[in-house]
Amino acid sequence: MNQINRLLKRAALLAVAFGSLQVHGQSPVKITVAANQPGARISPHMWGIFFEDINFAADGGLYAELVKNRSFEFPMPMMGWKQTRLDGADASLLVVNRSNADGNNPRYATVTLNNDKGRFVLTNEGFRGVGVEKDHAYNFSIMAHAVSGDVNISAEVVDEKGSPVGHTEPVKVAGDWKTYQVKFACSQTVDKGKLNVVFTGKGSIDIDMVSLFPEDTWKHRPGGLRADLAQKLADLHPGFMRFPGGCIVEGRELLNRYQWKKTIGNVAERQLIMNRWNVEFSYRNAPDYFQSFGLGFFEYFQLCEDIGASPLPILNCGMACQFNSAEVASVNQIDPYIQDALDLIEFANGATTTKWGALRAKLGHPQPFNLKMIGVGNEQWGEQYVERYKLFAAALKKAHPEVKLVTSSGPDPDGDRFNYLTQTMRTEKAGFIDEHYYRPPEWFLKNASRYDNYERGDTKIFAGEYACHIPDASQKDTRPESHNTIWAAVCEAALMTGLERNADVVQMASYAPLFARTDAWQWRPDLIWFDNLHSVATPNYYVQQLFATNRGTAVLPTHTDGKSLAGQDSIYSSATLDADNHRLIIKLVNASASVKTVSVNVLGNTTGKKAEWIQLSGTDKLAFNSIDHPDVIKPSSRTIAWTRDNNLKLDGVSVNVIVVPL
Ligand code: AHR
């Protein structure tokens with residue numbers, strides 16, 4: 001009897017050992033994709049982008065202006081400028097403030113040349129240098145007004161040693177204020193050059209709006225956007241674009257909140273304010289960070305149209321950042337804020353016979369911009385937010401029931417503040433609740449199933465800001481791009497399979513922030529890094545791109561042994577049917593360091609096809625792309641035979657997209 005018991009016990013132990021062997025890698029994870037049971041529709045807006053002027057994303061970034069403090073409106077009016085008198089020049093410069101006459105651009109400079117000798121040079125340092133490219137054309141412009149005598153202006157770009165690489169001929173300033181514009185080419189590529197504005201002659205002139213733009217802007221629009229950066233956005237094929245933020249919407253205090261009406265029309269009339277990221281982090285101070293609004297709401301709408309993204313403006317709701325001043329507009333003075341939102345809808349969608357629709361037409365866009373959603377506040381929380389949101393909702397829903405409202409759930413994806421707002425906003429029948437998660441890898445993996453059992457109702461989820469943050473301690477490289485590791489990208493992809501599986505609940509998602517200058521960032525990780533001349537797509541960028549370009553139109557059930565698959569043996573998956581392009585798309589994420597075999601069984605007829613297998617992976621979890629090594633991590637693609645049952649060996653730390661033509 002004892003012998004029999006011993007044998008049974010040994011058999012049981014072997015079974016347990018065998019079982020655990022199976023779970024831990026010997027036998028493949030089995031996934032069944034029910035290609036014959038399309039479920040929830042996937043919104044065309046599912047994968048989008050989040051733009052905020054943080055990390056010099058607008059001024060010094062996407063907005064292609066190369067001159068910093070071009071109209072002397074920084075609080076220190078000569079910040080970024082230096083004066084030099086050469087070859088006996090006797091000259092002076094005076095900054096004049098005419099605040100009573102022109103509230104938006106009150107300052108200009110008077111240059112006086114007292115003798116007819118030498119050159120007076122006003123040098124602009126640009127945004128951490130002026131970057132120009134060999135054989136490219138640049139447009140220099142300046143507003144000037146002749147006061148007395150004869151003064152000539154010319155411009156030159158000089159390299160790091162001060163040698164000119166491109167220049168204009170001198171132009172004599174005559175008469176009243178007007179804009180002088182000259183195009184010139186540069187003979188060398190220079191990363192950290194400078195712009196010299198050179199004055200000769202004898203007399204006095206007033207100058208303002210000193211500007212230098214590459215001719216090759218995005219879509220060749222004068223005074224437009226940096227082409228390589230805009231192209232990177234277009235290549236993401238975003239379903240929507242959220243703008244202008246982020247905390248920038250709120251301002252540290254109400255005075256510095258984002259006001260869209262002050263960002264349209266003549267750029268010289270757009271009032272400069274301090275960028276809140278100028279002073280936000282003492283360890284990343286940026287004293288020269290201001291918002292010129294050269295990239296304003298008209299340009300945002302235009303960019304959305306260019307790249308096929310549905311516009312999603314987020315507006316201030318009468319509350320400044322609650323982490324900073326927590327200043328609020330009193331509820332009985334909230335009307336101007338609500339009116340701004342109503343006017344914005346008219347500006348975007350209204351007939352050209354309406355006040356704001358007519359302005360849109362005057363600015364060059366008679367067709368509507370097709371605005372369908374508006375965010376009320378950014379990361380607001382508490383009863384004061386609900387109180388203000390209700391006033392916005394009452395007015396906006398009455399006037400524009402066709403526009404969906406996006407509400408905040410606060411800065412965290414859980415906790416009391418989050419729960420209170422989530423419940424309240426569902427009761428209020430908000431269109432979308434905006435959830436933010438900047439969290440470590442474990443959180444992303446765990447939350448890949450977050451929405452599997454989420455409340456399903458009319459109010460949908462907008463994962464409006466997220467990024468996997470790997471604690472600093474794990475980073476050995478000092479380059480700022482080093483926080484955008486393949487490991488972070490894989491964790492984000494794991495979560496995104498969960499968003500996609502639950503596309504009936506989560507209808508929009510955007511990584512944040514979008515852009516960062518390598519030499520002037522405040523927040524990382526970010527999706528796209530850039531310097532004066534280059535930009536680099538991060539592994540996280542490629543994940544966003546893979547999901548957006550392989551979205552599909554309907555969710556397909558995926559399961560293993562009848563159970564939903566999120567994290568079993570470190571494998572995360574989702575599958576979609578792309579009815580528009582007749583494709584079956586399967587996404588498989590391996591969040592372990594080792595190769596995993598996954599057996600994919602497809603219900604429905606996909607046998608006998610060839611499939612495309614796109615893979616993003618890295619043998620080193622901490623691998624990343626940098627400006628100097630931009631192609632360390634990038635997707636690769638191959639063709640495989642596709643049958644009803646497919647055994648796929650997934651590399652460790654990898655994101656895999658299998659596209660099967662139907
Ligand atoms: O994306 C950076 C910041 O993170 C955003 O401005 C804010 O909304 C969030 O706290």
Side-chain angles (χ1 to χ4, degrees), residues 48-59 61-62 233 238 240-254 256-258 273-281 283-286 289 291 295 300 312-317 319-326 374-382 385 389 406-415 417-418 421 432-440 443-444 461-470 480 483-484 488 492 508-517 520-530 538 540-541 544:
I49 52 177
F50 161 97
F51 184 92
E52 173 167 18
D53 189 5
I54 180 173
N55 304 317
F56 286 77
D59 287 294
L62 184 59
L233 300 186
F240 68 90
M241 180 166 111
R242 169 186 177 146
F243 58 89
C247 291
I248 207 148
V249 169
E250 306 165 42
R252 286 175 67 83
E253 63 296 309
L254 283 172
N256 271 342
R257 72 187 187 278
Y258 199 103
I273 61 171
M274 188 189 76
N275 186 305
R276 61 161 294 148
W277 298 105
N278 181 314
V279 287
E280 188 66 26
F281 299 133
Y283 54 93
R284 297 288 318 164
N285 258 351
Y289 201 1
Q291 292 177 272
L295 170 53
Y300 281 126
L312 170 47
I314 308 287
L315 298 187
N316 188 294
C317 64
M319 299 178 75
C321 179
Q322 287 160 280
F323 289 116
N324 296 149
S325 69
I374 277 196
V376 181
N378 177 45
E379 274 182 351
Q380 267 59 63
W381 68 77
Y385 173 55
Y389 169 76
V406 176
T407 75
S408 165
S409 62
D412 300 304
D414 43 39
R417 288 194 298 221
F418 173 85
L421 279 183
F432 290 94
I433 297 176
D434 178 12
E435 298 187 358
H436 293 183
Y437 16 88
Y438 297 104
R439 290 288 186 272
W443 188 95
F444 272 77
I461 301 302
F462 167 33
E465 293 185 32
Y466 64 89
C468 176
H469 282 218
I470 298 184
H483 281 227
N484 282 96
E492 286 149 14
M508 292 192 293
S510 46
Y511 181 100
L514 190 55
F515 282 121
R517 271 191 80 100
W521 57 274
Q522 292 78 49
W523 179 295
R524 64 177 176 177
D526 304 282
L527 206 61
I528 299 166
W529 286 90
F530 64 92
T538 58
N540 320 70
Y541 174 96
Q544 295 296 319

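Predicted model only: the values in this text are computed from it and were never measured. All ligand and atom numbering here is 1-based and tracks the order in the structure. Numbers for residues simply follow the sequence, beginning at 1.
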Exercise. Is there a nitrogen or oxygen of Trp277 sitting under 3.5 Å from a nitrogen or oxygen of ligand 1?
Worked result: no
For this session: Please say whether His436 places an N or O atom under 3.5 Å from an N or O atom belonging to ligand 1.
Result: no
For this session: Test side chain to side chain donor-acceptor pair (under 3.5 Å) on Gln322 and Glu250 and set out the steps.
Result: CA-CA 9 Å; Gln322 287 160 280; Glu250 306 165 42; over 6 Å; no
With heavy atoms of [X] as the reference, note each atom of ligand 1 found under 4.0 Å away.
X	value
Asn378	7 (C), 8 (O)
Pro513	1 (O), 2 (C)
Trp523	2 (C), 3 (C), 4 (O)
Cys247	5 (C), 6 (O), 7 (C), 8 (O), 10 (O)

Problem set entry | Of the listed options Glu52, Gln522, Glu465, closest to atom 9 (C) of ligand 1 (non-hydrogen atoms) | Glu465
Problem set entry | Sub-4.5 Å side-chain heavy-atom contact between Phe51 and Phe515 | yes
Exercise. Side chain to side chain donor-acceptor pair (under 3.5 Å) with Asn55: which residues, sequence neighbours excluded?
Worked result: Asp526
Seminar exercise, completed: Contacts of Glu280 meeting side chain to side chain donor-acceptor pair (under 3.5 Å) (sequence neighbours excluded), chain-then-number -> Arg252, Arg276, Asn324
For this session: Show your reasoning for whether salt bridge (charged side-chain N to carboxylate O under 4.0 Å, His left out) applies to Asp412 and Arg439.
Result: CA-CA 10 Å; Asp412 300 304; Arg439 290 288 186 272; 3.3 Å; yes
For this session: For atom 1 (O) of ligand 1, find the nearest protein heavy atom and state the residue, atom name and distance (0.1 Å precision).
Result: Tyr438 OH, 2.7 Å
Exercise. How about Trp381 and Phe323: are their ring centres within less than 6.0 Å of each other?
Worked result: yes
